[in-house]
Amino acid sequence: MPLALILSSFVAASRIGGAAQQYVLAAHKIDPVLAPTVMFGRTPARGGKGEITPPDVFRRMLGDIEADALFGMVDLIITGHFSDPEQVEIAAGVIERVRDAERTGGNGGHRRPLVIVDPILGDAPKGLYVKYEVAEQVEKRLVPLADWITPNLWELGFLTDKPVETLAQARDAARALGRPALITSAPVGPGEIGLLYVDGDEAVLFAHPRQESAPSGTGDLVTASFGAGLVEGLAPRDAAHRAARAARMAVEAARAWRTTELPIIAIADRLANPDVEVRTQIL
């Protein structure tokens, strides 16, 4: 079975962050290993009071995972939320050690593990919601190590220090970073929301109707679904297309069932083949 290492948040009662990504990856038959950077009972957006994983605990936790010889079995690394710049440095070292580890197990003993960096830094209109030192370290240490990045529109602007308000600006900003990207909250016309796929050769928008309200965590779902597709051997554009369909399906299911959380478990058997479509536009 393929193996994914997630370095991100754990929120017990909410389908956000690394906790949500575990369920998405499991639905694709990918074994998830989560090393939490923070631990909450419920989302901080609803007043949850949690705790940052101290860097020395985070380091020991990852050391134990390495001691079990799991680094050589990792097919996918996803990085997400960090609350301390030292956590980011630890994560960068782990990525390097996973890539250097002797390949065994799920990836057939030869394939280089994929690294997806979701630079969870902030959003419009409030801006940064992590410490500036954390954002700086993510930009300096993790983005250069990434095979793919999955920022939202605001985060892309922060990383490139450029105004990003149009699809063309988003495409050009992603290419300026030198990393292929899947950009959430891409600017689309009224009534739609978009996911923008950008690599060195093409840029493709996947758009679908915007709901009046949507649960948090769609970006986390997109990142995990996209990573699962890459591990499964899908072409990156096809993996992005499926991730966009999965996000639409999850949001519409949440609305139909009147839940404030993404119903990832309830729709798990449909995540690998979402039964909704999205509008595709080549830039």
Side-chain angles (χ1 to χ4, degrees), residues 2-10 17-19 21-22 25 30 32-39 51-104 107 111-122 128-152 155-156 158-161 173-174 176-183 219-220 223-224 226-227 230-231:
L3 186 73
L5 178 62
I6 307 168
L7 312 178
S8 192
S9 60
F10 175 81
Q21 289 171 334
Q22 291 182 110
L25 292 167
I30 297 173
V33 177
L34 171 63
T37 55
V38 294
M39 293 171 283
E51 185 173 334
I52 297 171
T53 307
D56 60 331
V57 174
F58 189 54
R59 183 181 291 106
R60 290 200 305 271
M61 188 184 309
L62 287 160
D64 285 344
I65 294 169
E66 184 176 18
D68 270 354
L70 292 184
F71 278 14
M73 299 174 64
V74 171
D75 298 275
L76 172 67
I77 301 174
I78 294 175
T79 71
H81 173 86
F82 296 95
S83 288
D84 186 294
E86 191 174 347
Q87 291 178 332
V88 180
E89 185 61 36
I90 293 167
V94 164
I95 291 170
E96 292 164 348
R97 297 205 305 278
V98 168
R99 282 178 166 165
D100 289 342
E102 182 180 351
R103 299 288 96 200
T104 61
N107 60 19
R111 190 170 68 195
R112 181 175 183 265
L114 295 162
V115 176
I116 300 179
V117 171
D118 184 0
I120 298 177
L121 309 177
L128 278 177
Y129 47 62
V130 299
K131 297 175 183 176
Y132 180 79
E133 294 79 7
V134 171
E136 190 176 41
Q137 279 291 88
V138 169
E139 178 181 0
K140 176 184 174 183
R141 293 291 284 128
L142 296 187
V143 170
L145 293 172
D147 294 303
W148 289 87
I149 58 171
T150 58
N152 63 33
E155 290 159 345
L156 181 61
F158 178 89
L159 291 172
T160 57
D161 197 25
L177 278 177
R179 290 290 179 273
L182 196 58
I183 303 154
D220 303 313
T223 296
F226 179 62
L230 297 179
V231 170

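Below, each value reflects all heavy atoms present in this structure, side chains not excepted, and no hydrogens, waters or symmetry copies.
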**Complete:** With sequence neighbours left out, the residues meeting ring pair (Phe, Tyr, Trp, His ring centres under 6.0 Å) with Phe71 are none
**Request:** Applying salt bridge (Lys or Arg N to Asp or Glu O under 4.0 Å), name anything that partners Asp84, two or more places apart in sequence or on another chain.
**Result:** none
**Request:** Look only at the side chain of Asp220 and the backbone of Gln21, and say whether a donor-acceptor pair between them is shorter than 3.5 Å.
**Result:** no
**Request:** Could you tell me the separation between the CG atom of Leu156 and the CG atom of Leu177, rounded to the nearest 0.5 Å?
**Result:** 6.0 Å
**Complete:** CZ (Phe82) and CD1 (Ile52) are apart, to the nearest 0.5 Å, by 13.0 Å
**Request:** Could you pull out all residues at least two apart from Lys140 that satisfy side-chain contact (heavy atoms from CB on, under 4.5 Å)?
**Result:** Gln137
**Request:** Please confirm whether the backbone N or O of Pro32 pairs with a side-chain atom of Gln22, one donor and one acceptor, at under 3.5 Å?
**Result:** no
**Prompt:** Are any side-chain N or O atoms of Arg179 and backbone N or O atoms of Pro144, one a donor and one an acceptor, separated by less than 3.5 Å?
**Reply:** yes
Just distance, no hydrogens or angles: give the donor-acceptor pairs under 3.5 Å from side chains in residues 60-69, sequence neighbours left out.
| from | atom 1 | to | atom 2 | distance (Å) |
| --- | --- | --- | --- | --- |
| Glu66 | OE1 | Arg97 | NE | 3.1 |
| Glu66 | OE1 | Arg97 | NH2 | 3.1 |
| Glu66 | OE2 | Arg97 | NE | 3.2 |

**Request:** Tell me, please, which residues at least two apart from Glu96 pass salt bridge (Lys or Arg N to Asp or Glu O under 4.0 Å).
**Result:** Arg141
**Complete:** Heavy-atom nearest pair, Leu230 first then Leu114, reads CB-CD1, 3.6 Å
**Item:** Atom pair OG/CD1 of Ser8 and Ile120 - distance to nearest 0.5 Å
**Value:** 4.5 Å
**Request:** For Glu86, check side chain to side chain donor-acceptor pair (under 3.5 Å) against everything at least two apart and list the hits.
**Result:** Arg59
**Fill in**
Of all heavy-atom pairs linking Thr37 and Leu7, the shortest is CG2-C, 4.3 Å
**Request:** Return the set of residues passing side-chain contact (heavy atoms from CB on, under 4.5 Å) with Ala135 (not counting sequence neighbours), or none when no residue passes.
**Result:** Leu121, Leu128, Val130, Phe158
**Request:** Kindly write out the residues that satisfy salt bridge (Lys or Arg N to Asp or Glu O under 4.0 Å) with Glu136, not counting sequence neighbours, or none if the list is empty.
**Result:** none
**Fill in**
Residue set satisfying side chain to side chain donor-acceptor pair (under 3.5 Å) with Ser83, at least two apart, ordered chain then number -> His81
**Request:** Could you tell me whether the side chain of Arg99 and the main chain of Arg112 form a donor-acceptor pair under 3.5 Å?
**Result:** no
**Nearest heavy-atom neighbours spanning Gly17 and Ser9** = CA-OG, 3.4 Å
**Message:** Are more than 12 heavy atoms, taken from residues, nucleotides or ligands other than Asp56, located less than 6.0 Å from that residue's CG atom?
**Reply:** yes
**Request:** Return the minimal non-hydrogen interatomic distance between Leu159 and Pro119, and the atom names on each side.
**Result:** CD1-CG, 3.9 Å
**Side-chain donor or acceptor of Asp75 paired with backbone N/O of Pro113 under 3.5 Å** = no
**Closest contact, heavy atoms only, Ala4 versus Ile30** = CB-CG2, 3.8 Å
**Item:** side-chain contact (heavy atoms from CB on, under 4.5 Å) against Ala176, all qualifying residues, sequence neighbours excluded
**Value:** Lys162
**Asked** Going by atom types only, do Thr150 and Thr223 share a side-chain donor-acceptor pair under 3.5 Å?
**Response** yes
**Prompt:** Can you find a pair of side-chain heavy atoms, one from Val98 and one from Ile77, that are under 4.5 Å apart?
**Reply:** yes
